Protein chains: 2
Amino acid sequence: MKGIHQLAKHLDISIGTVSRALNGRPDVNAETRRRVLEAAEQLGYVANQSGRSLRKGSTNVIGLMIESGKDNVDNSDNFFFGVIGGLQTVFARHNLDLAILPCPSEEDPLEYLQRMVARRLVDAMIISATQKIDKRIDLLIEKRVPFVALGRSHSGGSHTWIDLDFAGVANSAVDRLISKGHRRIAIAAPTTDINLGFVFVDAYRAALERHGLTYDPALVLRARSSEDGGYSVGGDLLALAPRPTAIILIYELMAIGLYRRLMEAGVKPGCDIAVIGFREAPRARFLQPALTCYRLSLQDLGTELAETLLSSMPDYAEIYSSHACNRLWPLDLVPGESDAFELAP
Amino acid sequence: MKGIHQLAKHLDISIGTVSRALNGRPDVNAETRRRVLEAAEQLGYVANQSGRSLRKGSTNVIGLMIESGKDNVDNSDNFFFGVIGGLQTVFARHNLDLAILPCPSEEDPLEYLQRMVARRLVDAMIISATQKIDKRIDLLIEKRVPFVALGRSHSGGSHTWIDLDFAGVANSAVDRLISKGHRRIAIAAPTTDINLGFVFVDAYRAALERHGLTYDPALVLRARSSEDGGYSVGGDLLALAPRPTAIILIYELMAIGLYRRLMEAGVKPGCDIAVIGFREAPRARFLQPALTCYRLSLQDLGTELAETLLSSMPDYAEIYSSHACNRLWPLDLVPGESDAFELAP
DNA sequence: CTGAAAGCGCTTACAG
DNA sequence: CTGAAAGCGCTTACAG
């Protein structure tokens, strides 16, 4: 005999009462509850999750799906570790546990998600790195699994998401560079169909046109979202004639490779070319001259993601109703020296 | 009605037969099996994990515990993402899924692990960042949960582990530096009780003494395992009088901060001081002069970890019996320019 | 306030 | 080869 039966036997009461005491039901004698709690603590009893889940229909586990083979995860300077802290702060309030579910690179992300959802391993999902068309969203809606997407998508009609304000950053960066006299501004963009790439480039184009400049597709430099990608962007940049006087990057780590490539060619960021990075990353903080970039609190983003997710789960919807809306997450300019010069007119 | 009952009704057969067909039992008519598989595919049926786990007593999920707030995770240049790929390659063969379980920084790691284990969320665990005394190991042994530790520990008597060969690296680095004429060699070590710190420093000491040099505790520079840590090591190094002519680092990212601090002081790695880094990290590859460091395949390490773990699980022990042993994982020297000079005698 | 019992969705001896 | 039934460990109406 084991589990709750063993505990009940040890206390010489019924398993029903043990369960009620453990779950904090009000209709339990205070002394009985105390005895149960004490014995559970002493014997190290914790309810078997399978039995509990089967009966209750919920697991108290929230899944965070990541695609471990992808550039955006491998190269994002522990973006996820930061966000996780925020998520857990909120989940801890409700005894929800977070499980990170890494989709193997050989497996189709949609099939992987389908499997996780069908097995009912988790009560709700957080997905990220949304594509322009992202069938995962349709799947989660169809299966009625509460979820929040970190990133927008054209899929799924209305659903819950939070996205970094890529358009805001593109806008701000273009404005800033133009105010310093730049007219030929390149941009680094991802090679994949990740939605943020479209948002970023579209906003860049709109910002240019707002200033009366013509959008030139040749200035959109595609690369992997890594230092290597930044290095290759550097090469492409140097090969353009006439050479752009400024570049805006989309991933934090690109800056490191770009600096390296430029240095090799004797082109100095902040003197010979203006560079604006994307997110302020621990690793990029060491660049010299200091990189102009944008800051956000990963902890706060995680908190907001969690609260938005809970607002879409029946059991918590009421508590978090004020978070039941989509959000563009702002990033704040961190001026550096990498674009700190005016271009002669 | 839902789940397997619905599927059985749809096919007008019993749930027992459906279950047997789905689980690949031999005693099912081929045509029946075909119909069941087809219907399951079409209706998107996947067995509810809770029902399955409750009945079978196993979940088909392997947990990887990480401590998300810790230096060694946040700053290890996506060490884990690399290992995960290898783990999944092996687990995929047996339809095992990997769930990463991040211990919240506010929670005691031992209590967290205890909770995860007691809930029976996973069939087996992988733990990492083992401490010299690590009660998690005693807990897993006591609860008879199959596990493998990435890192050794004094706890738990005999248990399954794989550890990077920190001693081998310390040895090799000391030998290499001494052969180039260095006599005053500093070492960077962690501030925490993580076991690898003890192993590394002990081996460094033994190597020095083997060469007839005296171990000097003042040359052991404690720091966080990050770029910041490397920067602070740089400061400590410059403050030593007489200044050491060489330094050996224990974490990959320290090199970046160290280089920066040395450059600020006009001290050039590879000319004025010899630097040997630890693991070859994507990010450190960009350092100039190129860092002398050590290489390992994270994918292979992940594969071996998984196979070792499976060798300790009753259902798989036989298949992986050849992996049922502890291992020191070798690292290969990648000579760079950061120590490429001989010291005048 | 407590106990006895039903039932969550599965898998697997057992009988036929 | 298939079906009927037991039972995995819980939670929760229901009765008292």
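What you see is a predicted model; the values in this text were computed from it and never measured. Chain identifiers are assigned alphabetically (A, B, ...) following the order of the sequence lines, protein sequences preceding nucleic acid strands; residue numbering begins at 1 within each chain. Side-chain atoms are counted along with the backbone in the values below, which use heavy atoms only and exclude waters and symmetry mates.
- A salt bridge (Lys or Arg N to Asp or Glu O under 4.0 Å) check over residues 140-162 of chain A, counting only residues at least two apart or in different chains, returns the pairs Arg152(A)-Asp163(A).
- Applying the salt bridge (Lys or Arg N to Asp or Glu O under 4.0 Å) test to residues at least two apart or on different chains, the pairs with a partner in residues 305-322 of chain B are Arg93(B)-Glu307(B).
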| message | Could you spell out the base pairing of DNA chain C as a dot-bracket line? Use Watson-Crick and G-U wobble contacts where both distances are under 3.5 Å, [ ] for crossing pairs, | for partners on a different strand. | response | |||.||||||||.|||
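- The list of salt bridge (Lys or Arg N to Asp or Glu O under 4.0 Å) pairs with a residue in residues 16-25 of chain B, not counting sequence neighbours, is empty.
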| said: Generate the contact string for nucleotides 7-16 of chain C. Rules: B means base contact, S means sugar-phosphate contact only, - means no protein heavy atom under 4.0 Å. | reply: BBBBBBB---
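- When the side-chain nitrogen and oxygen atoms of Thr32(A) are compared with OP1 and OP2 of dC1(C), none of them lie within a distance under 4.0 Å.
- Screening residues 131-157 of chain B for ring-ring contact (aromatic ring centres under 6.0 Å, His included) gives Phe147(B)-His159(B) as the qualifying pairs, with residues at least two apart or on separate chains.
- Note: CG (Leu11(A)) to C1' (dG3(C)) measures 15 Å, nearest angstrom.
- For residues 52-65 of chain A, the set of pairs meeting the salt bridge (Lys or Arg N to Asp or Glu O under 4.0 Å) definition, not counting sequence neighbours, is empty.
- A search for side-chain contact (heavy atoms from CB on, under 4.5 Å) contacts involving Glu38(A) returns Arg34(A), not counting sequence neighbours.
- Every residue meeting the side-chain contact (heavy atoms from CB on, under 4.5 Å) condition with Ala118(B), not counting sequence neighbours, appears here in chain and number order: Val46(A).
- For Thr32(B), the side-chain contact (heavy atoms from CB on, under 4.5 Å) partners two or more places apart in sequence, or in a different chain, are Ile13(B), Thr17(B), Val28(B), Asn29(B), Val36(B).
- Atom CD of Glu41(B) is surrounded by 12 or fewer heavy atoms from other residues, nucleotides or ligands within 6.0 Å.
- Here ring-ring contact (aromatic ring centres under 6.0 Å, His included) pairs that include residues 88-144 of chain A, with residues two or more places apart or in two chains, are His94(A)-Tyr316(A), His94(A)-Tyr320(A).
- Within residues 111-119 of chain B, no residue has any heavy atom closer than 4.0 Å to DNA chain C.
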